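Remarks on the structure that follows.
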2 protein chains.
Amino acid sequence: MPVGDKKVPDVVIRRLPLYLRSLESIDPAEYPIVSSEALAKMVGTSSGQVRKDLSYFGVFGKQGVGYQIVLLKGELRRILKLDQEIRIGLIGAGNLGAALVRYHQKNRVHQPLEIVALFDTDEKKIGRKIADVEIHPVECLQEKIQELKIKVMILTFPGEDAQQIVDICVENGVKSFLSFVPVPIKIPAGVKVQTADVTLELQSLAYYT
Amino acid sequence: MPVGDKKVPDVVIRRLPLYLRSLESIDPAEYPIVSSEALAKMVGTSSGQVRKDLSYFGVFGKQGVGYQIVLLKGELRRILKLDQEIRIGLIGAGNLGAALVRYHQKNRVHQPLEIVALFDTDEKKIGRKIADVEIHPVECLQEKIQELKIKVMILTFPGEDAQQIVDICVENGVKSFLSFVPVPIKIPAGVKVQTADVTLELQSLAYYT
DNA sequence: TTATGTGAAGAGTTTCACAGCA
DNA sequence: TGCTGTGAAACTCTTCACATAA
């Protein structure tokens, strides 16, 4: 929803949830207004960057005053599409997958991001539930994505056939991926992959040792 | 180890493990040489970027020929400090922490990155082992970091006291962090934090829905 | 002839500083 | 006067294209 159609950089999008989280930690009854300076301090950036980031989407503050917290939270949720149910799937109900589901369900609070289906190839796991979410066979991927209107997919399987599985997801309407899979993935324009490969992260952290 | 002291961008460092992984998937007996073009295809980037990235660290290829795979792998491991044991600790042996330990131990193969100690505040967990790694009380953080020469710390605890715990780590020689903790962390110059906050990732992915 | 290494151009992102409104 | 919104400057990173070496 960028104002004036200029493309919003990914880095900016990735900072918005940070702003939102900080705003949510303030009691608006006590402090109804926040300045870009104060918000910047909370997330660890500069006031200029906060203002520039927000300016991609419109004018939300009052000059000489600041931002009304309730209003700004609403705008951020709208921009991030967190004002509607977003249904998430997860492929690979192993250790990592199961932990992520439990973690997310516990920390979800009143977030509209809901994990609605898990998928696995292991027959023994089919039909079981993790944190109340059922495990389906990957053969049902297409059917379940459409039925449940899954738009975001978390990938936590070992990695073979990754491309083939991603292709099925994309064809059926999945728009973004959070991938823990240790292989590069090709996606068409308009689809987003966020890589979170723990092995790669640790290897690059070794450099700073 | 940048040639000529020019600072190497973080983005470059984060691509090096990707190059290394691709090189490791080639049998050097069959294909002893690789071109920047071929390597770029494997990791999904451009040949120019591969050459530019490598040029930060020295001259590893032969003009008109390409890169000797065995040699380049060695150089990348040396640059990333993966030619020596790197000891890793993990604070927060909950669902996510346990899953990461098991995941890492399983995928470790012959990597020199080893998780050597887990820490938790829950008394019931102290002394238990996950994937053969013992859980210690957080009170022993200082002692164990020094004793085991831990240089990288994975943070998978709920988040209160995060800053205090990180400070102890830094004071005792930890140089980099992989943080799954949903609070911003302040660190002095020379220390690196890589954030991997699943909730934030999912929230920003909602935008691309 | 081939494919690297690298300055220089281009694109993208952050910082700066100030006009303008409450 | 105080703090936002925003062009312009500064900086960073990527792409390009070509001299150069095998």
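Keep in mind the model is a prediction, meaning the values are calculated, not measured. Letters go in sequence order (proteins before strands), and every chain restarts at 1.
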Can a donor-acceptor pair be found between the side chains of [X] and [Y] at a distance below 3.5 Å?
X: A:Q111; Y: B:Q203; answer: yes
X: B:R14; Y: A:S204; answer: no
X: A:Q49; Y: A:D53; answer: no

How many Å lie between [atom1] on [X] and [atom2] on [N], as a whole number?
X: A:Q68; N: D:dC3; atom1: CD; atom2: P; answer: 16 Å
X: A:I69; N: D:dT4; atom1: CD1; atom2: P; answer: 12 Å
X: B:D53; N: D:dT15; atom1: CG; atom2: C1'; answer: 12 Å
X: A:L72; N: D:dG5; atom1: CG; atom2: C1'; answer: 14 Å
X: A:D10; N: D:dC13; atom1: CG; atom2: C1'; answer: 15 Å
X: A:L39; N: D:dG5; atom1: CG; atom2: P; answer: 12 Å
X: A:Q49; N: D:dC3; atom1: CD; atom2: P; answer: 20 Å
X: A:I33; N: C:dA22; atom1: CD1; atom2: C1'; answer: 12 Å

At under 4.0 Å between heavy atoms, which parts of nucleotides 3-11 of chain C does protein reach? Answer with one letter per nucleotide, 5' to 3': B base, S sugar-phosphate only, - none. BBBBBB---
With salt bridge (charged side-chain N to carboxylate O under 4.0 Å, His left out) as the rule and sequence neighbours excluded, what pairs involving residues 169-193 of chain B come up? B:D10-B:K192
Can you tell which of A:I150, A:V152, A:V133, A:V116 makes a side chain to side chain contact (heavy atoms under 4.5 Å, CB included) with A:I88? A:V152
Taking atom CG of B:D132 as the centre, does the number of heavy atoms from other residues, nucleotides or ligands within less than 6.0 Å exceed 12? no
Taking atom NZ of B:K41 as the centre, report whether more than 12 heavy atoms of other residues, nucleotides or ligands fall under 6.0 Å from it. no
Using a 4.0 Å cut-off on heavy atoms, which residues in residues 20-32 of chain A reach DNA chain D? List them by number, or say none. none
Between A:R14 and C:dT13, does any side-chain N or O lie under 4.0 Å from OP1 or OP2? no
Could you go step by step and tell me if B:E24 and B:R21 meet the salt bridge (Lys or Arg N to Asp or Glu O under 4.0 Å) rule? CA-CA 5 Å; B:E24 281 168 345; B:R21 178 185 282 170; over 6 Å; no
Charged tip of B:K144 within 45° of B:F119 ring normal and under 6.0 Å: no
